[in-house]
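Have a look at the structure below, then the notes.
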Amino acid sequence: MTSSELETPPLDTARRLAEDGDLEGAAAILTELAADPDGPDRAQAAVGLAVVLEERGDVEGARAAARAALATGHPEFAAQAACHLAQGFEREGRAEQARGAWQAVLGVGTPAYVPLAHLALARLAAEAEDYDEAESALRSAAEVAGGDDEVRVHAAQQLADLLLERGEPGAAAEVLLEALESAPGDMVARLRVQLGIAHLELACAEFAQAVDDGGDAATSGLAIELLARTLPLRGRLDDADRVWAYGLDHEDEALAGEVRLRHGRDT
């Protein structure tokens with residue numbers, strides 16, 4: 001075995017130095033590797049340098065190194081560099097810069113990172129109250145997740161929550177039912193809970209519509225009771241009180257009588 005074969009690769013040396021706390025020594029090696037335009041380890045070294053410089057507190061230097069790695073277009077390390085930039089901007093609350101960096105991840109197109117970028121873009125859009133963009137990004141994350149069922153289900157859960165907040169329980173239920181078809185076992189229970197919530201919201205909508213449709217007193221009274229008893233399950237106690245009051249004070253005495261009988265079950 002020759003001496004060259006025994007020589008430790010510079011990247012491994014830099015990694016060992018960083019792990020041992022010698023960030024300056026690691027940075028020196030990584031800086032040299034990243035500066036070599038023809039070096040085979042240029043992209044990886046630039047990403048490593050970004051991490052080391054950030055640990056040293058040199059945020060701008062870290063970003064310069066990450067941008068250098070991104071500029072290489074390397075399918076793995078350019079994507080890592082863009083993620084590094086995006087996460088740093090998010091920590092600082094710089095949403096626009098973070099959005100641009102996540103878009104750069106999409107531009108690199110490495111399959112392992114694309115769903116994560118879509119999820120991050122959805123999060124940023126939701127924080128900006130751009131719910132249409134958030135929905136689009138979450139649907140994209142689910143579509144490009146490939147064989148990663150966990151990522152696909154995670155995107156579906158977030159999308160269902162968003163649709164529920166937008167008052168679209170039927171659409172949320174469809175998303176959750178589709179996700180259940182391929183959900184890992186440890187994620188099924190959460191999906192079923194969300195699906196149950198969607199069905200509760202659907203039930204409330206149907207009960208309210210039945211009251212508005214003005215059926216006979218017995219049917220309307222039942223709808224009022226069911227609506228008033230279901231709303232608290234969604235944390236809407238004040239709405240439930242208003243529904244009871246609507247029925248109890250209704251000008252149709254037959255309907256008011258039905259509601260009084262049903263309300264009296266609580267006493």
Side-chain angles (χ1 to χ4, degrees), residues 11 14-15 18 23 26-27 29-159 161-162:
L11 275 175
R15 184 181 301 109
L23 299 180
I29 295 173
L30 293 169
T31 297
E32 183 177 351
L33 292 172
D36 183 356
D38 300 318
D41 299 322
R42 180 188 178 197
Q44 185 176 0
V47 172
L49 180 59
V51 174
V52 168
L53 291 177
E54 185 172 70
E55 290 184 9
R56 292 179 64 189
D58 184 359
V59 175
E60 290 307 316
R63 285 179 179 151
R67 291 189 179 98
L70 178 58
T72 67
H74 190 284
E76 176 68 20
F77 300 114
Q80 285 186 16
C83 289
H84 179 90
L85 287 168
Q87 291 163 353
F89 286 133
E90 282 201 62
R91 284 194 297 270
E92 294 180 5
R94 299 168 66 179
E96 284 305 314
Q97 290 89 338
R99 186 175 293 106
W102 286 121
Q103 289 288 356
V105 175
L106 297 182
V108 176
T110 306
Y113 296 93
V114 168
L116 301 178
H118 281 302
L119 288 173
L121 288 168
R123 180 176 61 252
L124 291 170
E127 290 173 357
E129 298 185 354
D130 186 348
Y131 299 119
D132 288 338
E133 179 61 30
E135 178 180 347
S136 176
L138 287 169
R139 291 190 183 279
S140 295
E143 289 172 3
V144 301
D148 194 333
D149 290 335
E150 187 170 341
V151 170
R152 181 164 49 251
V153 171
H154 185 53
Q157 289 175 318
Q158 292 188 43
L159 178 57
D161 284 340
L162 176 63

* Would you check if T72 and F77 make a side-chain contact, meaning some heavy-atom pair closer than 4.5 Å? => no
* In Å and rounded to the nearest 0.5 Å, what is the CZ to CG distance from R63 to L70? -> 14.0 Å
* Asked: If only atom types and distance count, is the side chain of D41 paired as donor or acceptor with the main-chain N or O of Q44 below 3.5 Å?
  -> no
* Asked: To the nearest 0.5 Å, what is the distance between CZ (R15) and CG (L30)?
  -> 9.0 Å
* From the options L116, V105, L106, select the one residue that forms a side chain to side chain contact (heavy atoms under 4.5 Å, CB included) with L121. => L106
* Structure fact -> When rounded to the nearest 0.5 Å, the distance separating CG of L49 from CG of D58 is 8.5 Å
* To do: Looking only at non-hydrogen atoms, find the nearest pair between A104 and A82 and report the distance.
  => CB-CB, 4.2 Å
* Asked: Does a side-chain N-to-carboxylate-O contact under 4.0 Å join E143 and R139?
  -> no
* CD on Q97 to CG on L85, rounded to 0.5 Å -> 11.0 Å
* To do: Assess the side chains of Q158 and H154: does a donor N or O sit below 3.5 Å from an acceptor N or O?
  => yes
* To do: Identify the heavy atoms of A65 and A50 that sit nearest to each other, and give their distance.
  => CB-N, 3.7 Å
* Asked: Should V153 and Q157 be marked as a side chain to side chain contact (heavy atoms under 4.5 Å, CB included) after you check the CA-CA gap, both sets of side-chain angles, and the distance that decides it?
  -> CA-CA 6 Å; V153 171; Q157 289 175 318; 4.2 Å; yes
* Asked: If you take all heavy atoms of A45 and A34, which pair is closest and at what distance?
  -> CB-N, 3.8 Å
* Mind running side chain to side chain contact (heavy atoms under 4.5 Å, CB included) on V108 and Y113 for me, showing each step along the way? => CA-CA 9 Å; V108 176; Y113 296 93; over 6 Å; no
* Structure fact -> Between A27 and R56 the two heavy atoms that sit nearest each other are CB-NH1, 3.7 Å
* To do: Could you please spell out the steps behind the side chain to side chain contact (heavy atoms under 4.5 Å, CB included) verdict for Q80 and H84?
  => CA-CA 6 Å; Q80 285 186 16; H84 179 90; over 6 Å; no
* To do: Determine, stepwise, if the pair E133 / R99 fulfils salt bridge (charged side-chain N to carboxylate O under 4.0 Å, His left out).
  => CA-CA 12 Å; E133 179 61 30; R99 186 175 293 106; over 6 Å; no
* To do: For side chain to side chain contact (heavy atoms under 4.5 Å, CB included), just list the numbers for E76 and V47, CA-CA rounded to whole Å, side-chain angles, deciding distance to a tenth of an Å, and then say yes or no.
  => CA-CA 10 Å; E76 176 68 20; V47 172; over 6 Å; no
* Between A134 and A125, what is the shortest heavy-atom contact and its length? -> N-CB, 3.6 Å
* Asked: Quick one: does S136's side chain have a donor or acceptor within less than 3.5 Å of a partner on D132's backbone?
  -> no
* Asked: At what distance, to the nearest 0.5 angstrom, does CH2 of W102 lie from CG of L119?
  -> 9.0 Å
* Does any N or O in the side chain of T110 come within less than 3.5 Å of the main-chain N or O of A112, such that one atom is a donor and the other an acceptor? -> no
* **R123 with E90: basic N within carboxylate O range, under 4.0 Å** => yes
* **Taking every non-hydrogen atom, the tightest pair across A126 and Y131** => O-CE2, 3.9 Å
* Atom CD of E150 with >12 non-hydrogen neighbours under 6.0 angstrom -> no
* To do: Look up atom OG1 in T31 and atom CG in L53, then write down how far apart they are to the nearest 0.5 Å.
  => 6.0 Å
